[in-house]
Amino acid sequence: MTAGAADSGGRIPVDVTATNHGSDTADFTVAVDFQDASGNLLDATVASVDQVGAGQSKTVTVHSNRSLSGTVSVQVASALRH
């Protein structure tokens with residue numbers, strides 16, 4: 001994942017892609033962390049990726065909850081298939 005350019009409110013968008021390797025349709029919940037250049041946690045959000053078909057991928061866009069500036073990196077904190 002890569003952080004996009006901040007919107008007019010300073011919120012950072014991130015595209016989150018979930019790939020369903022299972023044999024049935026599934027939903028995914030993905031926790032995303034936003035960090036500064038030193039690795040300090042700036043913000044966190046959760047993405048819901050619903051109804052991903054078997055063997056398929058689906059992408060949703062989430063935004064930081066806060067206005068962020070400077071160098072911001074993103075990473076998956078956790079992901080749950082359900």
Side-chain angles (χ1 to χ4, degrees):
M1 293 185 312
T2 302
D7 65 16
S8 61
R11 296 181 339 143
I12 306 285
V14 178
D15 289 335
V16 176
T17 301
T19 301
N20 182 1
H21 297 286
S23 58
D24 296 316
T25 297
D27 299 327
F28 295 82
T29 302
V30 182
V32 179
D33 286 348
F34 296 80
Q35 299 176 336
D36 66 15
S38 297
N40 297 309
L41 183 64
L42 300 173
D43 198 7
T45 193
V46 174
S48 294
V49 188
D50 298 324
Q51 298 293 304
V52 183
Q56 301 294 311
S57 295
K58 188 173 183 181
T59 301
V60 299
T61 302
V62 296
H63 293 83
S64 61
N65 296 299
R66 295 176 174 82
S67 175
L68 303 176
S69 60
T71 302
V72 177
S73 63
V74 292
Q75 68 177 22
V76 172
S78 63
L80 174 66
R81 179 180 181 266
H82 51 95

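Because the structure is a prediction, the values reported are computed rather than measured. One-based numbering along the sequence shown.
Nearest heavy atom pair, residue V60 against residue A47, reads CG2-CB, 4.1 Å. Listed here is the closest heavy atom pair of H82 and L80: CD2-O, 3.6 Å. Shown here for F34 and V74, the closest heavy-atom pair between the two residues is CD2-CG1, 3.5 Å. Closest heavy-atom contact between S64 and G10: OG-O, 4.4 Å. A pairwise comparison of heavy atoms in D24 and A54 identifies N-CB, 3.8 Å as the closest pair. Minimum interatomic distance between V14 and A3 (heavy atoms only, all atoms of both residues): CG2-CA, 4.3 Å.
Rounded to the nearest 0.5 angstrom, L42 CG and S73 OG are separated by 8.0 Å. Atom CD1 of residue I12 and atom CG of residue N65 lie 12.0 Å apart, to the nearest 0.5 angstrom.
Residues N20 and R81 are in side-chain contact: their nearest non-hydrogen atoms beyond the backbone lie under 4.5 Å apart.
Among residues two or more places apart in sequence or in another chain, the salt bridge (Lys or Arg N to Asp or Glu O under 4.0 Å) test is passed with R66 by D43. Taking the salt bridge (Lys or Arg N to Asp or Glu O under 4.0 Å) definition, one finds that D33 meets it with nothing, sequence neighbours left out.
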I would like to know whether Q51 and D27 meet side chain to side chain contact (heavy atoms under 4.5 Å, CB included); could you show each step before the answer? CA-CA 5 Å; Q51 298 293 304; D27 299 327; 3.6 Å; yes
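Taking hydrophobic clusters as Ile, Leu, Val, Met, Phe, Trp and Tyr residues chained together by side-chain heavy-atom distances below 4.5 Å, V49 shares a cluster with V76.
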